[in-house]
Each structure stands twice: as C-alpha cells, then as structure tokens.
Amino acid sequence: MRLLSFNVNGIRAIAGKSFITDMRQMNADVICLQETKATVDQVKDVVAPLGYAHVYANEAARKGYSGTAVISKTEPVSVVYDMGVLQHDEEGRVICAEYDRFYLVTVYVPNSGSELLRLPYRKTWDTDFLAYLKGLEAKKPVIVCGDFNVAHKAIDLARPKENYNKSAGFMQEEIDGIDAFIGSGLADSWRVLNGDEVKYTWWSYRAGARGKNIGWRIDYFLVSESFIPQLKAATIHNEIMGSDHCPVGLELSL
C-alpha cells in the first residue's frame, strides 16, 4: 500500500500547474493533502480528474485558509473530521480515515507565525493532538502524516544555528512537542528507514532557497511503533514542484 502526503499551499493554485499529472504518475493508494485553502466542493472538483472513488475534505470556517483532504482508492471503514476539541476545530486541520489495520490521520499543524504570536496556542495544540492520537492508538495502530511545522533535529534544516529559538518551526517549545510525539511511541518513519540521510520537504520562496536547497524537513509520516515491521519505504519527492513543500511517501506491506 502506498501513501502520499503533500502540503499543496492552495489546491486551486497548484491545479493550474502539474499537480494532476504528478499525482497520476505517483499513483498512491491514498493521498493526504494539507493547506488546501478551499471548500470541500472545491477540493472535490480539483481532484475529480484523478478518478479516486473516495474524497474527503475538511475546510476552515475562514475562507481560503488551512484545510485538509484524504483521497482514497478504497473506502475507509469510517471518516471523522477534527479532534473533538472546540478550540482547535474551526480550521479544518484534521481528518481521520479508519482502515482495517490502522487509523490514517492527515494533519496541518498550526504555524507559530513569523512573530511567534501563536506559539502558546501551538503548545496547547501539540498536547491536545497527542492525546487525540493516543486515544485512537488504544484501538488500533496510527499513521499520522502531514505538515507538522517543526524541524525535529538540527539535521532537519539547513541552517539550525541561525534559526534555533529565533524562528517558527525550530523553537524549543515546538521541538519539545514533536519530542513528545516520538517519545510516546510514534516513530518518525523517515529516520527509521533512512537513518541520517539529509532531505528537506519545505523551502522558503525567498532568495532562491529551493534552488540552493536551503530547506527544512517539516512534513512527516509518524507511525505507531508496533507498525514499524509493516514499513517498506519512506520517501521524500524533491522532484515534485508546484508548492513550497514537496510530497512525502510511505509504502506499507500489509
């Protein structure tokens, strides 16, 4: 089974690029999208040419902001939107698709912001989202994918010293958050299967950062440790353009 996660930074914008062609070529069994910036109907209209039988989207109350989607060849056992915490459930950031062997959660974790104004909220989000995931995991293994808006270790961004405790995405509070996810038994599939290989998933639009590969790895597939034996490959697709992020993939043996 092949899973793909992609922060598209606006699905209507990326639809005018190579998105449909790229997704057809990758031919994943399930595609998880973040930052769709679209209504449910707009997402369904854009992805219709892909021909997937089952499309689920979550939209923010604020138009043109946030949003997630799950596009699946096979019908999930169930689909639940949001995490059931009112404080967090206005921005369309979470979808959980239950399959026979696991829960698949796509998430667009809040950004702390260029002025770090949302950092306190981000800490609350991380705590509540981890509790939500562990509640799911009590029933069956969890795979959670998406834009976590944090680089976990210095190896996960090109300029760690310049950004540590100065920039959103590499604040100690955010690092503590992802430490808690991994410390609670959710493994970083990229590191499990690829060791210390350096690859990034997001680049600023400024100063030609992508061309210079001055990037960050902030998009992840985290999996319940009990599910590690089912992992075949974890991939980062730098060759796929159209967004400031690139897709990340996970292949499972089921």
Novice: Indicate yes or no: does Lys139 engage Glu98 in a salt bridge with an N to O separation below 4.0 Å.
Specialist: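 Not counted as a salt bridge, because no side-chain N and carboxylate O are separated by less than 4.0 Å.
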
Novice: Got a donor-acceptor contact below 3.5 angstrom from the Lys212 side chain to the Ala207 backbone?
Specialist: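 Answer holds: yes.
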
Novice: Are Leu119 and Leu157 connected in a single hydrophobic cluster, I mean Ile/Leu/Val/Met/Phe/Trp/Tyr linked by side-chain heavy atoms less than 4.5 Å apart?
Specialist: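 Different clusters.
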
Novice: State plainly whether one hydrophobic cluster holds both Ile143 and Leu222, where clusters connect Ile, Leu, Val, Met, Phe, Trp and Tyr through side-chain heavy atoms under 4.5 angstrom apart.
Specialist: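 Looking at the clustering, Leu222 is in a separate group from Ile143.
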
Novice: Would you name the heavy atoms of Pro141 and Phe227 that are closest together and state the gap between them?
Specialist: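 Closest heavy-atom pair between Pro141 and Phe227: CB-CD1, 3.8 Å.
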
Novice: After noting the C-alpha distance and the side-chain angles of Arg159 and Ile214, does the key distance pass the side-chain contact (heavy atoms from CB on, under 4.5 Å) rule?
Specialist: CA-CA 8 Å; Arg159 294 177 173 172; Ile214 302 170; 3.4 Å; yes

Novice: Any side-chain heavy atom of Val223 sitting closer than 4.5 Å to one from Ile228?
Specialist: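 Touching, per the 4.5 Å side-chain cut-off.
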
Novice: Looking only at atom types and distance, does a side-chain atom of Arg122 sit under 3.5 Å from a main-chain N or O of Asn149, one as donor and one as acceptor?
Specialist: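 Yes, the answer is positive, given that a donor and an acceptor are paired below the 3.5 Å cut-off.
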
Novice: Nearest 0.5 Å, please: how far is CG in Leu136 from OG in Ser224?
Specialist: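 Reported value, rounded in 0.5 Å steps: 9.0 Å.
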
Novice: Rounded at 0.5 Å granularity, tell me how far CG in Asn111 sits from OG in Ser66.
Specialist: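 Between Asn111 CG and Ser66 OG, I get 11.0 Å after rounding to 0.5 Å.
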
Novice: Give the C-alpha distance, both sets of side-chain angles, the deciding distance and a yes or no for side-chain contact (heavy atoms from CB on, under 4.5 Å) between Asp196 and Ile155.
Specialist: CA-CA 8 Å; Asp196 290 336; Ile155 194 174; 3.7 Å; yes

Novice: Look at the side chain of Ser204 and the backbone N and O of Arg206, then say whether any donor-acceptor pair between them is shorter than 3.5 Å.
Specialist: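 Side chain of Ser204 to backbone of Arg206, a donor-acceptor pair under 3.5 Å: yes, one is there.
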
Novice: My understanding is that only residues two or more places apart in sequence, or in another chain, count here; which of them pass side-chain hydrogen bond (donor to acceptor under 3.5 Å, both in side chains) with Asp128?
Specialist: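 Asp128: side-chain hydrogen bond (donor to acceptor under 3.5 Å, both in side chains) contacts with His88.
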
Novice: Of all heavy-atom pairs between Glu197 and Trp190, which one has the smallest distance, and what is that distance?
Specialist: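 Minimum heavy-atom separation between Glu197 and Trp190: O-NE1, 3.4 Å.
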
Novice: Hey, could you give me the CZ/OG distance between Phe221 and Ser5, rounded to the nearest 0.5 Å?
Specialist: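 So the CZ of Phe221 and the OG of Ser5 are separated by 5.0 Å.
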
Novice: Pairing donors with acceptors under 3.5 angstrom, does anything connect the side chains of Tyr81 and Thr68?
Specialist: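 Side-chain D/A pair, Tyr81 to Thr68: absent.
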
Novice: Quiz question: by atom type and distance under 3.5 Å, do the side chains of Tyr164 and Gln172 form a donor-acceptor pair?
Specialist: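 Indeed, the side chains of Tyr164 and Gln172 share at least one donor-acceptor pair under 3.5 Å.
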
Novice: Testing the basics here: between Ile240 and Arg210, what is the closest heavy-atom pair and its distance to 0.1 Å?
Specialist: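 It is O-NH2, 3.0 Å.
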
Novice: Which heavy atom of Asp244 sits nearest to which heavy atom of Tyr205, and what is that distance?
Specialist: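 Scanning both residues, the minimum pair turns out to be N-OH, 3.2 Å.
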
Novice: Could you see if Val55 belongs to whatever hydrophobic cluster contains Phe6? Use Ile, Leu, Val, Met, Phe, Trp, Tyr and a side-chain cutoff under 4.5 Å.
Specialist: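 Looking at the clustering, Phe6 is in the same group as Val55.
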
Novice: Got more than 12 heavy atoms from elsewhere within 6.0 Å of NZ, Lys134?
Specialist: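 More than 12 within 6.0 Å, yes.
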
Novice: Under 3.5 Å, is there a donor-acceptor pair linking the side chains of His237 and Asp22?
Specialist: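 There is no such pair between these side chains.
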
Novice: Would you check if the side chain of Arg2 reaches a backbone N or O of Leu252 as a donor-acceptor pair within less than 3.5 Å?
Specialist: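 No, Arg2 side chain to Leu252 backbone: no donor-acceptor pair under 3.5 Å.
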
Novice: Rounded to the nearest 0.5 Å, what separation is found between the CG atom of Leu254 and the CG atom of Asp100?
Specialist: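 Interatomic distance, Leu254 CG to Asp100 CG, rounded to 0.5 Å: 9.5 Å.
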
Novice: Mind listing the closest non-hydrogen atom pair of Pro49 and Ile20 along with its distance?
Specialist: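 Heavy-atom minimum between the residues: CB-CG2, 4.2 Å.
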
Novice: Checking salt bridge (Lys or Arg N to Asp or Glu O under 4.0 Å) against Glu91, which of Arg118, Lys37, Arg62 comes through?
Specialist: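 Exactly one candidate clears the test, Arg118.
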
Novice: Kindly give the heavy-atom pair with the smallest separation between Gln87 and Tyr121, and that separation in Å.
Specialist: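 Here Gln87 and Tyr121 meet closest at O-OH, 3.5 Å.
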
Novice: If the condition is salt bridge (charged side-chain N to carboxylate O under 4.0 Å, His left out), which residues does Asp82 pass it with, not counting sequence neighbours?
Specialist: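 Not a single residue meets the salt bridge (charged side-chain N to carboxylate O under 4.0 Å, His left out) criterion with Asp82.
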
Novice: What I'd like to find out is whether the side chain of His245 reaches to under 4.5 Å of the side chain of Asp147, using heavy atoms alone.
Specialist: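 Sidechains of Asp147 and His245: in contact.
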
Novice: Would you say that Val94 contacts Tyr132 through its side chain, given a criterion of any heavy-atom pair below 4.5 Å between the two side chains?
Specialist: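 SC-SC contact between Val94 and Tyr132 confirmed.
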
Novice: Between the side chains of Asn213 and Lys199, does any donor sit under 3.5 Å from an acceptor?
Specialist: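 Absent: no donor and acceptor within the cut-off.
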
Novice: If hydrophobic clusters are built by linking Ile, Leu, Val, Met, Phe, Trp and Tyr wherever their side-chain heavy atoms come under 4.5 Å apart, do Met26 and Leu3 end up in the same one?
Specialist: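 Met26 does not cluster with Leu3.
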
Novice: Can you find a pair of side-chain heavy atoms, one from Val46 and one from Val43, that are under 4.5 Å apart?
Specialist: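 Val46 vs Val43: side chains apart.
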
Novice: Is a side-chain donor or acceptor of Arg24 paired with a backbone partner of Phe19 at a separation under 3.5 angstrom?
Specialist: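 Looks like no, no N/O pair under 3.5 Å.
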
Novice: Examine Arg217 relative to Tyr200 and say whether NZ or CZ is less than 6.0 Å from the centre of the six-membered ring and inside a 45° cone about the ring axis.
Specialist: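 No; the conditions do not both hold, so Arg217 does not lie above the ring face of Tyr200.
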
Novice: Treating Lys17 as the side-chain partner and Gly242 as the backbone partner, does any N or O pair qualify as donor plus acceptor under 3.5 Å?
Specialist: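 It does hold such a pair.
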
Novice: Pair Asp219, Thr201 - check side-chain hydrogen bond (donor to acceptor under 3.5 Å, both in side chains), show working.
Specialist: CA-CA 6 Å; Asp219 301 84; Thr201 67; 2.5 Å; yes

Novice: Give a yes or no on whether Glu162 atom CD has more than 12 heavy-atom contacts from other residues, nucleotides or ligands under 6.0 Å away.
Specialist: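 Counting neighbours around CD of Glu162, more than 12 heavy atoms of other residues, nucleotides or ligands fall under 6.0 Å, so yes.
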
Novice: Ignoring hydrogens and angles, tell me if any N or O in the side chain of Asn194 forms a donor-acceptor pair with the backbone of Ala234 under 3.5 Å.
Specialist: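 Between the backbone of Ala234 and the side chain of Asn194 there is a qualifying donor-acceptor contact (under 3.5 Å).
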
Novice: Measure the spacing between CG of Asn7 and SG of Cys145 and express it to the nearest 0.5 Å.
Specialist: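 The distance works out to 11.5 Å.
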
Novice: Can you check side-chain hydrogen bond (donor to acceptor under 3.5 Å, both in side chains) on Thr74 and Tyr99, steps first, answer last?
Specialist: CA-CA 9 Å; Thr74 59; Tyr99 292 89; 5.0 Å; no

Novice: Can you tell if the side chain of Arg12 reaches within under 4.5 Å of the side chain of Gln42, non-hydrogen atoms only?
Specialist: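 Side chain of Arg12 against side chain of Gln42, heavy atoms only: contact under 4.5 Å found.
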
Novice: Check for a donor-acceptor pair, side chain of Glu59 on one end and backbone N or O of Thr39 on the other, with a separation under 3.5 Å.
Specialist: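 Checking the backbone N and O of Thr39 against the side chain of Glu59, no donor-acceptor pair under 3.5 Å is found.
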
Novice: Side-chain contact test, heavy atoms from C-beta onward, threshold under 4.5 Å: evaluate it for Asp188 versus Ile182 and give yes or no.
Specialist: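 Yes, their side chains come closer than 4.5 Å.
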
Novice: Rounded at 0.5 Å granularity, tell me how far CG in Leu133 sits from SG in Cys96.
Specialist: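 Going from CG on Leu133 over to SG on Cys96, the span is 8.5 Å.
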
Novice: When you measure from the side chain of Asn165 to the backbone of Met171, do you find a donor-acceptor pair of N or O atoms at a distance under 3.5 Å?
Specialist: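 No, because the side chain of Asn165 does not come within donor-acceptor range (under 3.5 Å) of the backbone of Met171.
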
Novice: For a side-chain contact (heavy atoms from CB on, under 4.5 Å) check, start with the C-alpha distance between Thr127 and Thr124, then their side-chain angles and the critical distance, and finish with the verdict.
Specialist: CA-CA 5 Å; Thr127 298; Thr124 301; 5.9 Å; no

Novice: Hey, does the side chain of Tyr220 reach the backbone of His152 with a donor-acceptor pair shorter than 3.5 angstrom?
Specialist: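 Checking the backbone N and O of His152 against the side chain of Tyr220, a donor-acceptor pair under 3.5 Å is found.
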
Novice: Do the side-chain N and O atoms of Ser253 and Gln230 include a donor-acceptor pair separated by under 3.5 angstrom?
Specialist: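 Side chains of Ser253 and Gln230: no pair found under 3.5 Å.
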
Novice: Would you check if there is a donor-acceptor pair between the side chains of Gln34 and Thr106 at a distance under 3.5 Å?
Specialist: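 Short answer, yes.
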
Novice: So Ile31 and Val47, do their side chains get closer than 4.5 Å, heavy atoms only?
Specialist: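 No. Closest side-chain heavy atoms not under 4.5 Å.
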
Novice: Between Asp156 and Arg191, is the closest basic N to carboxylate O distance under 4.0 Å?
Specialist: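 Answer for the salt bridge query: yes.
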
Novice: Ring-plane angle category for Trp202 and Trp216, please: parallel below 30°, perpendicular beyond 60°, tilted otherwise.
Specialist: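 Rings of Trp202 and Trp216: perpendicular, over 60°.
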
Novice: Is there a donor in the side chain of Ser112 and an acceptor in the side chain of Glu174, or the other way round, less than 3.5 Å apart?
Specialist: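 Result is yes, a qualifying pair exists.
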
Novice: Quick check: is Val142 connected to Leu104 through a chain of hydrophobic side chains (ILVMFWY, heavy atoms under 4.5 Å apart)?
Specialist: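 Result: no, two separate clusters.
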
Novice: Do Tyr108 and Phe148 pass the side-chain contact (heavy atoms from CB on, under 4.5 Å) test, and can you show the C-alpha distance, the side-chain angles, and the key distance before you say yes or no?
Specialist: CA-CA 6 Å; Tyr108 177 40; Phe148 280 74; over 6 Å; no

